[in-house]
There are 2 protein chains.
Amino acid sequence: MNRKSELEGSIDPEAKVRPIRTITDLARVAGVSPGTVSRALAGKSLVNTKTRERIQALAREHGFQPNQMASKLRRQKTGVIGVVIPLGHDREQQVSDSFFMTLLGHLADELTEKGYDIMLRRVIPDRDEDWLDRFIGSGMIDGVIVIGQSNQFARIEEVADGYLPMVVWGNHQEGQRHCVVGADNRLGGRLAAERLIAAGATRLAFFGDTAPFEFAARYAGACDIANSMGATITAVSTHLSPAQTAQELSRFLAEHHGEIDGVFAASDTIAFTCLQELRKLGIAVPDQIKIVGFDDLPIAEQTLPALTTIRQDIQAGAHGLVDLLLRRLQGEETESLVLPPKLVVRGTA
Amino acid sequence: MNRKSELEGSIDPEAKVRPIRTITDLARVAGVSPGTVSRALAGKSLVNTKTRERIQALAREHGFQPNQMASKLRRQKTGVIGVVIPLGHDREQQVSDSFFMTLLGHLADELTEKGYDIMLRRVIPDRDEDWLDRFIGSGMIDGVIVIGQSNQFARIEEVADGYLPMVVWGNHQEGQRHCVVGADNRLGGRLAAERLIAAGATRLAFFGDTAPFEFAARYAGACDIANSMGATITAVSTHLSPAQTAQELSRFLAEHHGEIDGVFAASDTIAFTCLQELRKLGIAVPDQIKIVGFDDLPIAEQTLPALTTIRQDIQAGAHGLVDLLLRRLQGEETESLVLPPKLVVRGTA
DNA sequence: GTGATTTATGCAAACGTTTGCATAAATGTG
DNA sequence: CACATTTATGCAAACGTTTGCATAAATCAC
């Protein structure tokens, strides 16, 4: 390839390297004004059909596209939705957590379909107070989806007061001001506890960190039922990092497995770990201890025994998040969306 | 809230709504020129320490941050890395595929740490020829990471000729021109076949779509060994969507399970499905049929029997991708990075 | 105290679009 | 054919930064 040498003397338009970097360049080539090119590429009807097509063809031929930064700056719109994953209460690995990842996948589908681009950002709120304001105020995004409230409920509430186009995945609290989409975690907790008790358990344990609101609500729901049905329940706090969780569960189960006969795991991931630790200890599931998880991840049906769990419809969740956000972008003050969780009975309870 | 009415006559600075939207606004308040504010916020040493701190404090107080679009436009740098997932050979659900999702999580970690933002884009190349050019030419990103070659090898090669800051996750072919990071898939295939044969299998099957280069290489590696060790191997093509895969495997196994005694699954996900189908059919693993997967996803150790598989170090992969990309952003013409896969023996072979 | 150097700031020109307004050309009306 | 209307284009002013260059102020050397 001796493009460079050809470049100088050449008159062959095919041979010279594309000098068309701006709309003005293209305008020169097309013999029109930049404004016309802009309108033509935007497909506006104000420009003559003939010229429009000619310009579009020219653009295609030269592989030209208008600079997005300039466009966004001028139009004060970015066409980008921020997706932010706060790692508040536990910074390890959470972004790799199956549930969030699956949700993100569906979000990508939904947003792409609506013509939006996605700016993904992980933040560690404990290290950076202004994580949300900074993202919103950056001028890079038209709206934001927050995946998980983590321990940032207060901060999110605060921001919601002055910023409409934000939707959050998480738990719905009575009277909260930010728009949230999520399963009815408390109901889910009730379903789980009901199932455990129906399967014969009376001494329950809840495995999972109760700091995040989602998990706290699940626990609260389970307590509702346990209390009203005469069962006992104790919360065993774990951390989200898989390695830590395994260790914590292992220790707890080794010492206390005789004291419980039913486990409600705050997530399927925790349930899997629990299942594995019980197997190591030689404790039979569901005979000696019953387990109910939460999420219904795809693998839930592939464990042995297959996991009984509370299903969240992730796809519906993603759809809801995007739908509400788009409406908020139009200025509508949308209500939150609470999705019904569903008990899926398999082999562990 | 009667802000509007207060706004007019009010002199109380606390009461009026923030009028500080631009650097010029802040400059007026601070009694300096916009240029100085810009320099102060950028932390440049050209500006007096005293004024710099004063301006920074002022900015913090008003919650001001410079508009990124304008900044990016002016500086001709975006600080954004594009991450694109092409869904070439199978459009269903691939973005939710555990492996890619885990990789994405680690990428997010690495890029965030280096101060880059991430623009995530899913594309369906079959519907949109120019998926890659369009992304690169959009002016929104400084560089791009392509997750998976899919069936787009040729297109990627083509783009690589004229665009340096691109790194691809995938398979390395002899003499290819684009910079790739990925496991040595062929070697991985060899390890898998060796293990199956060492465990006693002689009639092997490969489960997975052989169109993507990664998978093709895994299959080729397995063939190397099968041929040299006197075992047979046949490829059984599946599609990536889990539902389809299950159906395809189910049909194949029902009819042909007697003809094979070892399965090399192109991915752990496929291996899980296979395991499940075999269980349904009452075929013992590993006694009647042995299985080796590929990836070593976290759940691999949680199935029963735990999955024997070929491990890819995803974190190292993500690190490599980012490292190479950053070097290419500096203008360096980096070589590809081939990571060694590792056999992890568990219960299925 | 004069001139040379350093330091801190201001000025104004980009960056590449989009779009309201003005105008020229084309069409229609009587 | 003169005038009113529609249609297609051009002009130029934003959008909000950053940064090279010029200059004013402060420091220094002698």
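Everything numeric here is computed off the predicted structure, so don't read it as measured data. Throughout, protein chains are lettered first and strands after them, A, B, ... in sequence-line order, and every chain is numbered starting at 1.
- For A/Arg52 and D/dT7, the CZ to P distance is 14 Å, given to the nearest whole Å.
- With no hydrogens or angles considered, a side-chain donor-acceptor pair links A/Gln152 and A/Trp131 at under 3.5 Å.
- Each of B/Val47 and B/Leu73 was matched to the nucleotide of DNA chain C holding its nearest heavy atom; the match closer to the 5' end belongs to B/Val47.
- When the P atom of D/dT18 is taken as reference, atom NZ of B/Lys72 falls 11 Å away, rounded to whole Å.
- Defined by atom type and a distance below 3.5 Å, a donor-acceptor pair is present between the side-chain atoms of A/Arg328 and A/Thr334.
- End-to-end axis angle of the helix from C/dG1-D/dC30 to C/dA26-D/dT5, using five pairs per end and rounding to 10°, comes to 40°.
- The residue A/Ser71 sits close only to the backbone: its heavy atoms come under 4.0 Å of sugar-phosphate atoms, none of a base.
- Applying the side chain to side chain contact (heavy atoms under 4.5 Å, CB included) test between A/Thr78 and each of B/Met140, B/Gln68, B/Met69 identifies B/Met69 as the sole match.
- When the C1' atom of C/dT17 is taken as reference, atom CG of A/Asn67 falls 8 Å away, rounded to whole Å.
- Between A/Ala42 and B/Val37, the residue whose closest nucleotide on DNA chain C is further toward the 5' end is B/Val37.
- Among the nucleotides D/dT17, D/dT9, C/dT17, the one closest to the side chain of A/Pro66 is C/dT17.
- Between B/Arg60 and A/Asp130, none of the side-chain N atoms (NZ, or NE/NH1/NH2) sits under 4.0 Å from a carboxylate O, so this pair counts as no salt bridge.
- For the OP1/OP2 pair of C/dA14 and a distance below 4.0 Å, the side-chain nitrogens and oxygens of B/Gln76 include no atom meeting the criterion.
- Between B/Ile23 and B/Pro66, the shortest heavy-atom contact is CD1-CB, 4.5 Å.
- Comment: B/Arg121 engages A/Asp117 in a salt bridge, judged by a side-chain N to carboxylate O separation of less than 4.0 angstrom.
- Close to D/dT9, at under 4.0 Å from its OP1 or OP2, lies a side-chain N or O of A/Thr51.
- Rounded to whole Å, atom P of C/dT23 lies 18 Å from atom CG of A/Leu46.
- Here A/Thr22 does not reach the OP1 or OP2 of C/dC15: none of its side-chain N or O atoms lies under 4.0 Å away.
- If you take CG of B/Leu41 and P of D/dG16, they are 16 Å apart, rounded to a whole angstrom.
- Looking at B/Arg74, its side chain has no donor and acceptor atom pair within 3.5 Å of the base of D/dT17.
- Closest approach to the B/Ser33 side chain among C/dG10, C/dT17, D/dT17 is made by C/dG10 (side chain taken as heavy atoms from C-beta onward).
- Checking the phosphate oxygens (OP1, OP2) of C/dG10, a side-chain nitrogen or oxygen of B/Thr36 falls inside 4.0 Å.
- A/Arg75 has its CZ atom 18 Å from the C1' atom of C/dC15, to the nearest Å.
- In this structure, CZ of B/Arg28 is placed 18 Å from C1' of C/dC11, rounded to the nearest angstrom.
- What separates CD1 of A/Ile23 from C1' of D/dA12 is a distance of 15 Å, to the nearest Å.
- Scanning all heavy atoms of the two residues, the minimum distance from A/Val144 to A/Ile141 falls at CB-CD1, 4.1 Å.
- The nucleotide whose nearest atom lies closest to any side-chain atom of A/Ala70 is, among D/dT18, C/dG16, D/dG20, C/dG16.
- In this structure the side chain of B/Val84 never reaches within 4.5 angstrom of the side chain of B/Ile145, judged on heavy atoms.
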